[in-house]
2 protein chains.
Amino acid sequence: MDSAFTVFLVDDDAGVLKAVGRLLRARGYDVRSFTSPQAFLVSHDALIRGCAILDVSMPDLDGLALQQALSAGGSQRSVIFLTGKDDIPTSVRAMRAGAIDFLTKPVNDTDLLAAIGRAEKEDAEHRSANASLGSIQARLAMLTPREREVMTHVVAGRLNKQIAGDLGTVEKTVKVHRGRVMSKLGVRSVADLVRLAEKAGIDGSRP
Amino acid sequence: MDSAFTVFLVDDDAGVLKAVGRLLRARGYDVRSFTSPQAFLVSHDALIRGCAILDVSMPDLDGLALQQALSAGGSQRSVIFLTGKDDIPTSVRAMRAGAIDFLTKPVNDTDLLAAIGRAEKEDAEHRSANASLGSIQARLAMLTPREREVMTHVVAGRLNKQIAGDLGTVEKTVKVHRGRVMSKLGVRSVADLVRLAEKAGIDGSRP
DNA sequence: CGCGCTGTTGGCCCTAGGGCCAACTCGACA
DNA sequence: TGTCGAGTTGGCCCTAGGGCCAACAGCGCG
């Protein structure tokens with residue numbers, strides 16, 4: 001079914017893929033295995049709910065680099081690392097780059113499942129944050145340039161007549177744009193407009 | 001002088017304290033050394049600009065526990081760990097708990113100084129965020145209970161007459177409170193008020 | 001008991017916001 | 001060339017916000 005959480009397993013050791021894959025499938029996860037980081041990267045679909053479990057040392061593209069590549073590609077895929085040999089600096093870099101966990105092989109089932117549990121939670125948070133941001137940006141995209149311009153002034157707390165002065169027009173025109181902004185964005189108070197703008201990263205706090 | 005950045009060195013090995021202390025003092029840092037975590041904790045002053053460099057394994061209270069104790073005490077002191085023996089799970093927990101870095105002994109001077117550099121940056125960010133939050137809360141504390149109540153409704157985007165209905169009073173009274181809120185908080189537009197409330201964690205986005 | 005703070009309310013008046021209808025200009029597009 | 005969307009503007013009118021002055025009630029404190 002579609003509601004399963006997918007685990008993308010990337011490891012050049014087929015034995016690991018098999019063993020971990022079996023464990024996770026038994027737990028109800030949808031598992032997709034890759035023996036090469038490139039294969040994973042090119043076929044990767046950020047829309048699928050899930051997390052990635054990456055081997056640290058792989059030929060060509062190591063786990064860390066793969067993590068960078070993912071985030072550079074705009075994906076917020078949650079990542080769990082597996083490593084064969086102890087290496088503190090690497091674990092520090094991975095965690096600093098936002099990894100969920102950094103586990104050593106042979107991996108303890110409990111630890112791995114706990115990490116995946118955290119990944120599920122993080123993934124859900126990312127998705128809900130993105131959904132809300134996406135809906136805001138979609139509505140913002142419906143505004144004409146002039147309307148957006150008026151909006152930033154309104155969010156900055158300026159009066160219609162001041163906005164009119166700044167934009168080289170008259171108060172009446174500003175009122176019209178302002179009304180259209182409120183209606184297009186589906187908000188009914190300036191307070192809501194300010195919060196919406198805040199989430200979209202529109203900084204109105206200019207003195 | 002007072003503008004120096006202080007490094008709190010905590011390690012039960014006096015040799016480490018001496019060696020690292022010398023290095024850092026030569027770089028212009030104000031160094032305070034502690035051979036016991038307790039001694040550091042009881043004399044700790046969160047107001048001092050600086051960071052802590054903690055040994056991971058210490059008697060009674062290990063580095064991780066000390067980090068927890070610091071944050072449980074409300075301090076946001078930036079922490080850098082030093083460890084004698086490799087231990088990935090520990091480094092992962094430390095990083096997840098917000099450590100700046102997790103370095104292995106013997107520590108490389110460059111790495112240590114780089115970590116302290118990041119700590120300086122993080123400390124400055126914490127302080128400016130706290131200062132801004134503190135000033136907001138100080139102003140918020142000047143409001144009477146009724147004024148705060150009116151404020152939450154205003155931030156929620158409600159009209160004066162609706163607020164009056166909710167509070168069982170008349171519109172005129174709400175206007176007065178509202179005016180006093182704006183003046184006490186030093187804001188001149190609802191937009192600014194909303195942003196201020198947002199920073200203070202007052203959630204006005206109730207449908 | 002009188003003072004001060006908080007909360008309340010009324011009156012008066014002015015400014016700001018905003019809905020509705022109509023009209024006009026311009027550039028793009030079929 | 002005619003239509004359409006975006007941007008403009010005017011008039012009319014009503015609601016919302018808010019300043020200023022005055023007044024009154026309840027409460028805690030010296």
So which one's nearest nucleotide on DNA chain D is more toward 5', A/Val176 or A/Lys184? A/Lys184
Classify B/Arg188 by what it touches in the nucleic acid, base, sugar-phosphate, or nothing, heavy-atom distance under 4.0 Å. nothing
Round to the nearest Å and state the distance from [X] atom [atom1] to [N] atom [atom2].
| X | N | atom1 | atom2 | value |
| --- | --- | --- | --- | --- |
| A/Lys175 | D/dG11 | NZ | P | 13 Å |
| B/Leu143 | C/dG7 | CG | C1' | 14 Å |
| A/Leu167 | D/dT9 | CG | P | 11 Å |
| B/Glu147 | C/dG7 | CD | P | 6 Å |
| A/Met142 | D/dA6 | CE | P | 10 Å |
| A/Ile163 | D/dG7 | CD1 | P | 15 Å |
| A/Arg180 | C/dG19 | CZ | C1' | 13 Å |
| B/Glu171 | D/dG17 | CD | P | 7 Å |

Would you mind telling me which of D/dG17, D/dG7, D/dA16 lies closest to the side-chain atoms of A/Pro145?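 In terms of side-chain proximity for A/Pro145, the closest of D/dG17, D/dG7, D/dA16 is D/dG7.
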Which listed nucleotide (C/dA16, D/dG18, D/dT9) is nearest to the side chain of A/Lys161? C/dA16
Show the nearest heavy-atom pair for residues A/Ser78 and A/Glu122, with the distance to one decimal.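 Between these two residues, the closest heavy atoms are OG-OE2, 2.8 Å.
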Counting only side-chain N and O atoms of [X], is one of them less than 4.0 Å from OP1 or OP2 of [N]?
| X | N | result |
| --- | --- | --- |
| A/Arg146 | D/dT8 | yes |
| B/His177 | C/dT6 | no |
| B/Asn160 | D/dA16 | no |

If you find the nucleotide of DNA chain C closest to A/Lys172 and the one closest to B/Thr173, which residue's nucleotide is nearer the 5' end? B/Thr173
Residue of the set B/His153, B/Arg178, B/Glu171 for which side-chain hydrogen bond (donor to acceptor under 3.5 Å, both in side chains) holds with B/Asn160: B/Arg178
May I ask you to test the A/Val107-A/Leu82 pair for a side-chain heavy-atom distance under 4.5 Å?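 When only atoms from C-beta onward are counted, A/Leu82 and A/Val107 do touch, with a gap below 4.5 Å.
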Are side-chain heavy atoms of B/His177 and B/Leu167 found at a separation under 4.5 Å? no
Should the pair A/Phe40 and A/Phe8 be assigned to parallel (<30°), tilted (30 to 60°) or perpendicular (>60°) ring geometry? tilted
